[in-house]
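Here the structure is a predicted model, which is why all the values come from computation and not from measurement. In what follows, chains carry the letters A, B, and so on, assigned in the order in which the sequence lines appear, proteins first and then strands, with residues in each chain numbered from 1.
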There are 2 protein chains.
Amino acid sequence: MIDVEGRVVVTIREVAAAAGVSIATVSRALADPDKVAPGSRQRVLAAIDDLGYIPNRAASGLRGGRTNTIGLLVPDLTNLYFSGVGRGVAAEASEHGISVFIAESREDPGAEVKLLRGLVRQTDGIVLCSPRAPHEDQAVVGAGPLVVVNGALTGAESIAVDDLSGITAALEHLFALNHRRIGYVGGPSSSWSDARRREGLVAASARFPDLQVVSLGAYPATVEGGHSAAGAVIAAEVSAVLAFNDIVAIGLVRSVQRMGLRVPNDLSVVGFDDTYLADLVTPGLTSVHSDLETLGRRATQLLLRVLPNGRDDAPQAMTGQLLPTHLVVRDSTAPLGVRLPPRYGSPG
Amino acid sequence: MIDVEGRVVVTIREVAAAAGVSIATVSRALADPDKVAPGSRQRVLAAIDDLGYIPNRAASGLRGGRTNTIGLLVPDLTNLYFSGVGRGVAAEASEHGISVFIAESREDPGAEVKLLRGLVRQTDGIVLCSPRAPHEDQAVVGAGPLVVVNGALTGAESIAVDDLSGITAALEHLFALNHRRIGYVGGPSSSWSDARRREGLVAASARFPDLQVVSLGAYPATVEGGHSAAGAVIAAEVSAVLAFNDIVAIGLVRSVQRMGLRVPNDLSVVGFDDTYLADLVTPGLTSVHSDLETLGRRATQLLLRVLPNGRDDAPQAMTGQLLPTHLVVRDSTAPLGVRLPPRYGSPG
DNA sequence: ATGAAAGCGCTAACAA
DNA sequence: TTGTTAGCGCTTTCAT
């Protein structure tokens, strides 16, 4: 066969002809080798190898209403959190012969809705990572298998990192270092993880009566977000800060350093996610570790479990899975010691 | 229509029935609105909106031998270079109604070959980013449109960043700062960009007779690679170093700092790519800037140009496109022999 | 301007 | 164990 551009395209028909069998036998030899005679199988495989035949997956799925493709929708490809998850999704899918469509909303809820809508009919299921939009549209959410990472949508499976225990560990660490007034530099207000962490903050406050936790607002999950937060952090007169993620934490550290504070001497800082950035900066950033690749893999497993053949292996309620976290202590946190009168008000 | 899982699937047939036209008219109303009467068009669009119909792209392409999908193959999703390119590819493709399959080789040439092979039949074309394998397999390379980013393959278009001018600018900068013995910490030996940069090194050596350029070997494009290079850098007794990319540069800086050197006072360091990492570390890293998103967009444009309808708009030889670079000077480079005030205290 | 009908590459009954 | 034959959802001639 010759395609539009003049290239040779080997289809199942060519293979069948070369092997001297019908196309059904070729199909079977690939999908269910035990169902064809060893001899035929041999000749089919030889022909495939010979002609360099590669099945067209889109066509394969057509009949069964499958696409053998899943979609992955993330807010920001250049955010290491999402590339970590993406790596897991890609790896797991690849091992199951599934292709992955990638889509990036750029943190734009409107784009997110459009992209999700575009993905739904082209895939067997979707991994929706850290949604920034409500997604009430049942024509989309109810339309196909959907796994939400770091979020919750009625009618969709979900999986997340255990933010609550993560922030608790971070607070306990700071508490043990004698910090009693701690700030939280929040992320995007639409972030589900951010909401979970604020819950953790409240819970911890209840457990440690003499601990003051100060919410310092919502900031973009970027270096600039960290910069913007510096003023509020200093004004709040806290001795330690939890930041929404590593990148915000690092932006914050740079800014307060420029303002004359030393980290960790004057301010302890804890990040989230423990991406490789935490180990890249000076001082190294204490951070709450999450296994992002596993998160991506689990999300994909959750999705694949619903796909293949009928609903034999009951789609058991796995909703609400949580992945453990642990705190990695580096150099950005230190005990609250004897300190000179705060230089807080005087930048420079 | 009801699919395997019991979900409602709206096909072109439902729309046709609802609008009281044939499926051909629905198809036309979408693909070529001028070819249907305004009245029909109205009713079709209303029905589509009403039923929430979304066309199945895989099926659409089937007839014409297209998939409306391109593939993107990168060595490492968590490398900001590739996520930058990926963002450009995703954006450009999305604007053309094209989906993107993502694949990650994890720097493994074997996996790269397999993934490329898997991609070729499922897509209309492929963006192959920074290949680490030779790819002589004509059944793959010749089989479909292929654009190589930072590489060259016979039978494929290619596009790259102008590494040569980039490294030249970096060298001139260091030369102007009176550095006369400069080291180059190379990247993966299979990297095409690395080869281009070494060419630039040789060319510059010819231009500046009193300049010594020392090649310090090949290292993985990771933080660890930078760490490993530290010993060689110090042993080479150079006053300045060019690193394969930002991440290697940063790893190197951390290591030499631990060994007691100050950057830039004792050693000037220049990175490549100017990812946001360069602005994240202390001291800020001088780096050769590339516009990664544009690189991804251009690559995709190159690919799309070959796809749509016959070869009307001649696939003119656009091979060998080069994107400009420019040097962004930060704090990791300083004049040789000038005593700088320790602006950035490394607690060492 | 529109409909009928023939596929696209492949899978999945159904026969043989 | 095999081949034959319907389609999957859609595009695209070819008639009308």
Would you check, one step at a time, whether the test side-chain contact (heavy atoms from CB on, under 4.5 Å) holds for A:H135 with A:E112? CA-CA 9 Å; A:H135 298 294; A:E112 189 179 284; 2.6 Å; yes

Do any side-chain nitrogens or oxygens of [X] fall under 4.0 Å of OP1 or OP2 in [N]?
X	N	result
A:R63	D:dC10	no
A:T11	C:dC8	no
B:S40	C:dA1	no

Rounded to the Å, how far apart are [X] [atom1] and [N] [atom2]?
X	N	atom1	atom2	result
B:R66	D:dC10	CZ	C1'	11 Å
A:I48	C:dG9	CD1	C1'	14 Å
A:L30	C:dA12	CG	P	12 Å
A:E14	C:dC10	CD	C1'	13 Å
A:I23	D:dT1	CD1	P	20 Å
B:I54	D:dC10	CD1	C1'	16 Å
B:R13	D:dC10	CZ	C1'	8 Å
B:D32	C:dA1	CG	P	11 Å

Which nucleotide in the list [options] gets nearest to the side chain of [X]?
X	options	value
A:L62	D:dG9, C:dC10, D:dT4	D:dG9
B:A24	C:dC10, D:dT11, D:dT12	D:dT12
B:R28	D:dT13, D:dG3, D:dC10	D:dT13
B:S22	C:dG9, C:dG3, D:dT1	C:dG3
A:N56	C:dT2, D:dC8, C:dC10	C:dC10

Under 4.0 angstrom, heavy atoms only, what part of the nucleic acid is B:V21 near: base, sugar-phosphate, or nothing?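 Since only primed, P, OP1 and OP2 atoms lie under 4.0 Å of B:V21, the category is sugar-phosphate.
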
Relative to the 5' end of DNA chain C, which residue comes earlier, B:K35 or A:S60, by the nucleotide with the nearest heavy atom?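 Checking each residue's closest nucleotide, the 5'-ward one belongs to B:K35.
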
Taking for each residue the nucleotide of DNA chain C bearing the nearest heavy atom, is the 5' side occupied by A:S27 or by B:G39?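 So the residue in question is B:G39.
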
So A:V148 and A:E157, side-chain contact (heavy atoms from CB on, under 4.5 Å) or not? Walk me through it. CA-CA 6 Å; A:V148 182; A:E157 301 264 356; over 6 Å; no

Between B:S105 and B:R132, is there a side-chain donor-acceptor contact under 3.5 Å, judged purely by atom types and distance?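 The answer is no; no qualifying pair exists.
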
If you count every heavy atom of other residues, nucleotides or ligands that lies below 6.0 Å from B:R121 atom CZ, does the total exceed 12?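 Result for CZ/B:R121: enclosed.
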
Let me check the geometry of the helix from C:dA1-D:dT16 to C:dA16-D:dT1. What is the bend angle between the axes at its two ends, five pairs each, to 10°?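 End-to-end axis angle: 40°.
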
Could you measure the distance from the [atom1] atom of [X] to the [atom2] atom of [Y]? Nearest 0.5 Å is fine.
X	Y	atom1	atom2	value
A:Q301	A:R298	CD	CZ	6.5 Å
B:T123	B:N68	OG1	CG	11.5 Å
A:E104	A:L72	CD	CG	10.5 Å

Just do the salt bridge (charged side-chain N to carboxylate O under 4.0 Å, His left out) check on B:E95 and B:R297 with the steps written out, would you? CA-CA 11 Å; B:E95 290 168 13; B:R297 279 191 181 270; 3.2 Å; yes

Per the atom types in the model, does the base of D:dG9 pair as donor or acceptor with the side chain of B:R57 at under 3.5 Å?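 Between D:dG9 and B:R57, which were checked side chain against base, a qualifying N/O pair under 3.5 Å is absent.
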
